[in-house]
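In this text the structure is predicted, and so the values were computed from the model without any measurement. Just follow the structure's listing: the first ligand is 1, and inside any ligand the first atom is 1.
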Amino acid sequence: MQQIIDRFIKYVKIDTQSDPNSDTTPSTKKQWDLAHKLVLDLMEIGMQEVTIDDHAYIMATLPSNIEEDVPVIGFIAHFDTTPDYSGTNVNPKIVEDYDGRDIVLNRKDNMILSPDYFEDLLLYKGQTLITTDGTTLLGADDKAGITEIIEAMQYLIKNPEIKHGKIRIAFTPDEEIGRGAHKFDVEKFGADWAYTMDGSQVGELEYENFNAAGVKIRFTGKSVHPGYAKNKMINTVLLANQFLSLLPKNEVPEKTEGREGFFHFYKMDAQVESTLVEGIVRDHDRDTFEARKALISQIANDFNEKYGKDTVNVEINDQYFNMKEKVEPVMHIVEIAEKAMLELDIKPIIKPIRGGTDGSQLSYMGLPCPNIFAGGHNFHGPYEYIPVESMQKAIDVIVEICKLTALR
Ligand SMILES: [Zn+2]
């Protein structure tokens, strides 16, 4: 257990925040600091074919130790942390034998991690928690995933009596800015399927995510002196509001859950003459997703007929798709993960992700890739924490999946 803690803390102390405003890959130079260290660590534990490319994508192999031909499987994690919260000078705290009460992260700023607010904490009474000091995020997302994959590989190397096929692992930059899969060389990776170790609570197993599109609606009107505007002015501030009011009122993020999709318009830059509205469309179901986009285009057409050609211009860009479409034809890859958990007395929690994952992009690039828990909670902020026992369980799941795949 100490070894897991030491490795995890070593990684979270290295700042790897990514940056959406950068065009390079990795998006920040500092991600190389951890990337180089990971390469050395992989060689040190005895991984083979350890490579890092020009964009800091790291891959390595654990060769098969059986004669039969079994599928090659992969495990993937990302080493960047979110741009939304500081990851500089992460100073983790270790809470041993957690007593179920408030944890003072930082007295000076009165930062308290309390089960009154974060009820999940009570699941971990008696366990060892790693928290922040209240001034940064922790980075368990996804340095827990990195730690778990390396520890699992080391365990398999040290226990060669455990039989497994060829295992490939990969660590990527820039997942938090949606680009983790962009420069991933699926062919070079050469796995039949893989798992991202990037979920939260113990038991989480995900293979459904949103279909996603970004929407920009531009309104072009006519500005005329308001005193003399009759039958002349076209006020796009009002047009934009009218447009949005025609969308289903209950299909918004704050009124939906589970597999319910939504329209979410989050930004409006409005003046009489021109208004730009920005939003997103999300839906698990592909047909409903397409229908949502069609509705926006339909309303735009109606406006152009009524107020004149080019009054409304709609730009819709697909962002990612539900990986379910790619995973369902190969459901055994989910069943293996489920079975691994059940054999370890872990209750699988299978639920649709209300967001996207790198795994969805990878699935559409030809590498089916469900997501498995890494154990952390409250990602992307100062209340992030992770029980060491949950990391151990993730390691066990990885080892068990390797075993089960070799039995096929
Ligand atoms: Zn993550």
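Taking the ring centroids of Phe243 and Phe219, they lie under the 6.0 Å cut-off. The aromatic ring centroids of His284 and Phe210 lie less than 6.0 Å from each other.
Among residues at least two apart or in separate chains, side chain to side chain donor-acceptor pair (under 3.5 Å) pairs with a member in residues 260-278 are Thr236-Thr275.
In this structure, Glu305 has no salt bridge (Lys or Arg N to Asp or Glu O under 4.0 Å) partners at least two apart in sequence or on a different chain.
Judged purely by distance below 3.5 Å, without hydrogens or angles, the side chains of Arg282 and Gln319 pair a donor atom with an acceptor atom.
Legend: protein N/O/S atoms lying under 2.8 Å from the Zn ion (ligand 1), waters omitted, number 4.
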Contacts table for residues 143-151: side-chain donor-acceptor under 3.5 angstrom, sequence neighbours left out:
residue, atom, partner, partner atom, Å
Lys143, NZ, Ile14, O, 2.9
Lys143, NZ, Thr16, OG1, 2.9
Thr147, OG1, Lys143, O, 2.7
Glu151, OE1, Gln3, NE2, 2.9
Glu151, OE2, Gln3, NE2, 3.4
Glu151, OE2, Arg7, NE, 2.7

